[in-house]
Amino acid sequence: MTELTVFIGKFVREHSLPKHYFTLIKLHFIPFCEEIYQLANNKNNLPFFVGVNGCQGSGKTTLSQFMKRYLFFKYQTRVVATSLDDFYLSKNERKQLAVNVHPLFETRGVPGTHDTVLFSKTLVLLNKNNAVNEPFKIPRFDKATDEPCGVNQWKVINEPVDIVIVEGWCWGVNAQPSEKLSKAVNSLELEEDSQSLWRQAVNRFLKQQYQPLYSAMNYWLYIKAPSFEHVFQWRLEQERKLIFKTKKSAKTCLPKEIMNETQVARFILFFQRLTEHAFMTMPTEADKVFELDCNRNILSDR
C-alpha cells in the first residue's frame with residue numbers, strides 16, 4: 001500500500017465519506033490539485049486565489065479540505081481554506097436587517113446576510129500576507145448556534161500563504177437581470193415576497209457588495225448539481241452530520257438552531273433562485289466544472 005493510498009484512506013475515514021470518494025479523489029481531486037499547484041507556482045510569490053461555487057451539500061468544503069491536506073502532504077504548500085459562510089451576520093444584525101429591509105433577511109443565507117466589509121478586509125489581508133508577514137485572524141461561524149464564533153475561536157494565520165481557497169454557495173454568481181425577478185420561483189417567494197421586494201434587495205446586495213470582490217479570485221471552480229431537487233437531500237445530510245458533530249463535541253442537549261426535516265425544506269427555498277441561476281450561468285463563466293450525478297459522482301470534468 002503506497003503512502004498516497006494511506007493518505008487518501010485516512011481522509012475518507014476522517015470525513016465519513018462513501019467509498020466512491022476514493023475513486024473521485026484519484027480521478028478528479030488530485031489532478032485538480034496538481035493543476036492549481038502549477039498555476040500557483042507562476043504567481044510570483046503572491047497567494048493564488050481559487051473560488052469554489054456549488055449548491056448546498058455539493059461537496060465544496062470536502063474538496064477544499066482535501067486540497068489543503070493534499071498540497072501540504074505532497075509539496076508542503078501552505079493553503080488557507082475559508083468559506084463565505086464564516087462571514088454571516090449575527091442573529092441580532094439579521095433581525096435589524098429584517099426590520100430595515102425585509103422580514104426574510106432574518107434567515108441567514110442570501111446575499112445581504114454576510115458581513116461583506118469584514119470579508120473584503122480579510123481577502124486584502126490574505127493577499128498582502130506574504131509581503132507583510134504579520135499574524136491575523138479569519139472569522140468562523142457556528143451553524144449549530146446560528147451565531148459567529150468568538151474572536152478567540154477564529155483561525156489564526158501566522159505564516160505566509162501560497163494558495164487561498166474561498167468557497168460559497170453564491171460566491172461567483174452574478175446578479176440577475178431585473179426582469180427575471182418579477183416571477184416567484186417557489187412558495188416562499190410567492191407567499192412571503194409577493195411584491196418581490198426581498199429578491200430585489202438580494203439582487204442589489206449581490207451586485208453592489210459581492211460582485212466587486214470576485215476579481216480577487218485567480219481561478220473559479222463550479223461544482224454543478226444535477227438539479228435543485230437534490231439540494232434538499234444533500235442539505236438534510238449536512239444537518240445530520242452537524243447533529244452528530246455537535247453531540248460528539250458538546251455532549252449536551254442540541255442547540256435549537258439545528259434544523260429538522262421540515263425546517264430544512266423551508267430553508268432551502270431561500271437558496272433556490274440563485275442556485276438555479278448559477279446552473280445557467282456558472283458553467284460558462286468558471287475555469288473548470290465538476291458536473292455531479294445524484295450520488296455526487298463526477299460525471300464530467302471540464
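Because the structure is predicted, anything quoted here is derived from the model rather than measured.
Remark: aromatic rings of F271 and F267 are close, center separation under 6.0 Å. Less than 6.0 angstrom separates the ring centroid of Y75 from the ring centroid of Y37. The ring of W198 has its center closer than 6.0 angstrom to the ring center of F270.
Classified by interplanar angle (parallel below 30°, tilted 30° to 60°, perpendicular above 60°), the ring pair Y210/H114 is perpendicular.
Legend: residues meeting salt bridge (Lys or Arg N to Asp or Glu O under 4.0 Å) with D193, ordered by chain and number and at least two apart, are R199. Evaluation of the ring-ring contact (aromatic ring centres under 6.0 Å, His included) rule for Y214 yields W171, W220 as partners, not counting sequence neighbours. Partners of T77 according to the side chain to side chain donor-acceptor pair (under 3.5 Å) rule, which considers only residues two or more places apart in sequence or in another chain, do not exist here. Annotation: salt bridge (Lys or Arg N to Asp or Glu O under 4.0 Å) contacts of E93 (sequence neighbours excluded): none.
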Please output the side-chain donor-acceptor pairs of residues 147-157 that fall under 3.5 Å, not counting sequence neighbours, one pair per line with the distance.
from, atom 1, to, atom 2, distance (Å)
E147, OE1, K91, N, 3.4
W154, NE1, C149, O, 3.1
K155, NZ, A81, O, 2.6

Report all side-chain donor-acceptor pairs from residues 289-299 shorter than 3.5 Å, counting only partners two or more places apart or in another chain.
from, atom 1, to, atom 2, distance (Å)
E291, OE1, S300, OG, 3.4
D293, OD1, N295, N, 2.9
D293, OD1, R296, N, 3.0
D293, OD1, N297, N, 2.8
D293, OD2, N297, ND2, 3.2
R296, NH1, G57, O, 2.7
R296, NH2, E237, OE1, 2.3
R296, NH2, E237, OE2, 3.4

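A donor-acceptor pair under 3.5 Å is absent between the side-chain atoms of E14 and the main chain of F11, judged by distance alone.
Here the closest non-hydrogen pair linking P47 and L126 is CG-O, 3.3 Å.
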